[in-house]
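Read the structure below first, then the notes.
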Amino acid sequence: MLKREIKITADGSPTLYIPAWEESYHSKHGALQEALHVFIKNGWDRFTQQSEIKVLEYGFGTGLNALLTQAKAEEMKMRTRYDSIEKFPVSPDEINRLPIPQTMNSFLDKNEESLLTKVFKKIHDSPWDESVEISAYFNLNKIFGDFKSIELQQNHYDVVYFDAFGKRVQPELWTEQVFEKAYASLRMGGLLTTYASNRQTKRALLNIGFEVEKLAGPPGKREMINAWKK
Ligand SMILES: C[S@@+](CC[C@H](N)C(=O)[O-])C[C@H]1O[C@@H](n2cnc3c(N)ncnc32)[C@H](O)[C@@H]1O
């Protein structure tokens with residue numbers, strides 16, 4: 001397993017950094033800002049007109065996206081089923097040293113820090129490959145598996161959070177073969193959202209039938225992608 005270090009990003013929120021790859025789990029310009037912009041505002045928020053939102057995340061990682069989505073689901077009283085794939089889980093020791101809930105309060109001020117800390121623990125303590133009710137409006141299923149070979153439900157999800165490491169370090173995950181699985185798992189009208197915006201990713205998404213929209217990126221990034229199944 002590659003060595004990881006904790007780093008504090010520009011908005012004060014923490015991330016994990018892999019020195020051997022010079023790659024971090026989130027943007028150095030602000031982990032929380034990035035997650036809120038790419039996955040909440042340009043992902044989950046697009047489906048709040050329906051009675052339930054089904055999310056599939058590529059890369060559970062630190063659980064930051066899961067915790068943010070849980071907080072939004074409770075705030076908006078919007079039932080959310082959250083499935084998240086991960087092949088290399090972060091260790092409990094690393095999670096205990098990551099002050100994620102402590103830095104979320106300034107962004108989601110309705111949430112109490114102690115409650116967030118409890119929820120964050122519950123998210124990480126929950127067993128793999130089992131649907132667990134984390135809170136009234138949020139169910140989590142952490143799926144232990146590989147993006148390339150995972151079997152997914154077809155025409156099922158509203159939104160895919162595509163949060164793999166960058167193409168520079170894992171080019172094999174930004175391929176048509178991987179995006180095809182995500183496409184098939186989405187229902188018609190569903191959305192894949194990702195922080196990436198490079199030309200090859202856009203081309204691969206277009207080739208398998210997505211309608212690609214370029215949007216303004218989070219702080220420090222000019223653009224990001226929303227890809228619609230239409
Ligand atoms: C950018 S990080 C995800 C960050 C995460 N969403 C968060 O909120 O902290 C990418 C994740 O993909 C996982 N990963 C890398 N290769 C994978 C593969 N082939 N299958 C499944 N997970 C993989 C990594 O272990 C890492 O947790």
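Just follow the structure's listing: the first ligand is 1, and inside any ligand the first atom is 1.
Applying the 6.0 Å contact sphere to CZ of Arg203 captures no more than 12 heavy atoms from other residues, nucleotides or ligands.
Applying the ring-ring contact (aromatic ring centres under 6.0 Å, His included) rule to Tyr17 yields no partners; only residues at least two apart in sequence or on another chain are considered. Under the salt bridge (Lys or Arg N to Asp or Glu O under 4.0 Å) criterion, Lys121 pairs with Asp125, not counting sequence neighbours.
Residues in residues 31-41 take part in these side-chain hydrogen bond (donor to acceptor under 3.5 Å, both in side chains) pairs, two or more places apart or across chains: His37-Asn42.
The ring of Phe165 has its center closer than 6.0 angstrom to the ring center of Trp21.
The side-chain hydrogen bond (donor to acceptor under 3.5 Å, both in side chains) test with Tyr82 singles out one residue from Lys142, Glu57, Gln70, and that residue is Glu57.
The residues lining ligand 1, counting any heavy atom closer than 4.0 Å, are Tyr25, His26, Glu57, Gly59, Phe60, Gly61, Thr62, Gly63, Leu64, Asn65, Glu86, Lys87, Phe88, Gly145, Asp146, Phe147, Asp163, Ala164, Phe165, Gln170, Leu173.
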